[in-house]
Protein chains: 2
Amino acid sequence: VAYFAAVDIPARADELFRSLQSQICAGLEAADGAARFVEDAWERPGGGGGLTRVLTEGALFERAGVNSSTVHGELKPDFAAQLPGDGARFFACGVSLVLHPRSPRVPTVHANFRCLQRGAALWFGGGADLTPYYPVREDVLHFHRTWKAVCDRHDPEFYPRFKAWCDRYFYLPHRRETRGVGGIFFDDLRRDPERDLAFVADAGAAFLDAYLPIVERRRGEPWGERERAFQLLRRGRYVEFNLLYDRGTTFGLKTDGRTESILMSMPPLARWEYDARFPPGSEEAALADWLRPRDWLDEPA
Amino acid sequence: VAYFAAVDIPARADELFRSLQSQICAGLEAADGAARFVEDAWERPGGGGGLTRVLTEGALFERAGVNSSTVHGELKPDFAAQLPGDGARFFACGVSLVLHPRSPRVPTVHANFRCLQRGAALWFGGGADLTPYYPVREDVLHFHRTWKAVCDRHDPEFYPRFKAWCDRYFYLPHRRETRGVGGIFFDDLRRDPERDLAFVADAGAAFLDAYLPIVERRRGEPWGERERAFQLLRRGRYVEFNLLYDRGTTFGLKTDGRTESILMSMPPLARWEYDARFPPGSEEAALADWLRPRDWLDEPA
């Protein structure tokens, strides 16, 4: 029975991620209220393919990209050496999204859930992290509390471990700051495939609950040229992280992945300014204090 | 005599690069006609420092950055292993610039000249490459002819070798295109220090001659929203190259270089669009044909 359950896992994970993609897109379209997702199905020359869904120029989102992919084939030796399992054959499926809202008052968010198989090894990875431009404490707490609740239902060690992992992963050493206020990040999760799949399914299903209440609280708040300029500058940091440090992005681009789908995480517009500084006490200067690992849920209110 | 000449080279190269920075900035200010360079002198904690000069929101340039730096100290072992010479001590000086014009009709340009010393080894590197948005054949020919003339005065093998090196270096494999129409690129030049310094001095002095005539021909040409949108999209490729592949940028950022000076090469504003396509026959679609290695000077007119 365990054997059949395990061989079934990749197909069930694949089904889960596709259905998650549909549910998330439907929820985001409803929240946007104006634009719809456009679909682009693609095939991978080495085996498999994906479905890229993009919403652009919406009322809420300047760009929202939600990708699913199911790929299989042969691993290159130098990459294979970094992975669990044995042999050159691999299978990978997942869903990944980056949402770039138009309003600087609404945070950018990223989430990704994936299942990989190589020889006898099967493992899961994923996470979600929030990148506000003008952070609000209750939003950050809501985001972290949602992930903690999901994690705690599966393993009380998950949240502290995956929260710290997120802080380490989404870090820009050359800026000495985190990408945003974190969330959870995990990789190489392989306890029992059934339990791991159940956790990932639970986490995926929590994404809209973690993000949309923040959107609803902030989307009506006023902003102008100043906030827009700051948002574009901070989006430049997002670009820096993705192209310099994000393993999914750099690995994908350097190993003949589908460029357009990988770079859907790029913001629609980003700005760089030499040595930008902000007046002490300004909202913009205050952001720095949020961009370091903090135990949000343990801090005094 | 040879001994004294050689020990003198780093100081003379340093003097050359600083004076080159002043001359180039003066020439660019004159061409811009509206904005002036702002200076920012900085020190490097490990030893040395630099002078960053930035012109922003000019009549011609949206941003022009011209850096000089003179640094020395101890090499980290993993980096030292990749370099000629012996020992941990190093000295490096150089000048580097990236100019982002406002008009999409005027090409972006980059140039860099540097001198490095480690133990008994002393070598030079540098180059210049042009990134047009709407390329014009006579401009590309002028740029390449200028560099060929400089190279030929020193060694007839330089231009073909450094031109090909430039095409290889400024290449984006994930886009299957070069960054622009090339120019020259060279590294690890160490024949005779006197002759190498003379070549680098000659090349540095040619920069304004290589670029400004192109600016003067194109700056008056009309452009609108469409050309601006295309320029911003192509600047996204510039960002991709710099953060994914440029060794100076990635090495600098990952080894505690001065972030703001390194990232002065970033464009002031850049755009990404999912799977952008242009109508066959449009000027935008035509760019692809320029972004592959071509023997500009040997093609029939």
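Lettering follows sequence order; numbering is per chain, from 1.
- Within a 6.0 Å sphere centred on CD of B:Glu43, heavy atoms belonging to other residues, nucleotides or ligands number 12 at most.
- Contacts between A:Pro268 and chain B at a heavy-atom distance below 4.5 Å involve backbone atoms as well as side-chain atoms.
- With respect to chain B, the highest number of heavy-atom pairs below 4.5 Å among A:Pro173, A:Ala276, A:Gly257, A:Pro267 belongs to A:Pro267.
- Note: A:Asp275 CG to B:Arg258 CZ = 6.0 Å, rounded to the nearest 0.5 Å.
- Highest contact tally toward chain A, considering only B:Asn242, B:Leu253, B:Leu243, is held by B:Leu243 [criterion: heavy-atom pairs under 4.5 Å].
- Among all heavy-atom pairs drawn from A:Glu260 and B:Arg175, the shortest one is OE2-NH1, 2.9 Å.
- Contacts of A:Arg235 with chain B are absent, with no heavy-atom separation under 4.5 Å from either backbone or side chain.
- Put simply, the residue from B:Asp40, B:Val38, B:Thr56 that forms a side chain to side chain contact (heavy atoms under 4.5 Å, CB included) with A:Tyr274 is B:Asp40.
- Taking B:Leu172, B:Val239, B:Leu233, B:Thr250 one by one and counting their heavy-atom pairs under 4.5 Å with chain A, the maximum is reached by B:Val239.
- Only the side chain of B:Leu232 has a heavy atom closer than 4.5 Å to any heavy atom of chain A.
- Among B:Ile262, B:Thr249, B:Val54, the residue with the largest count of heavy-atom pairs under 4.5 Å with chain A is B:Val54.
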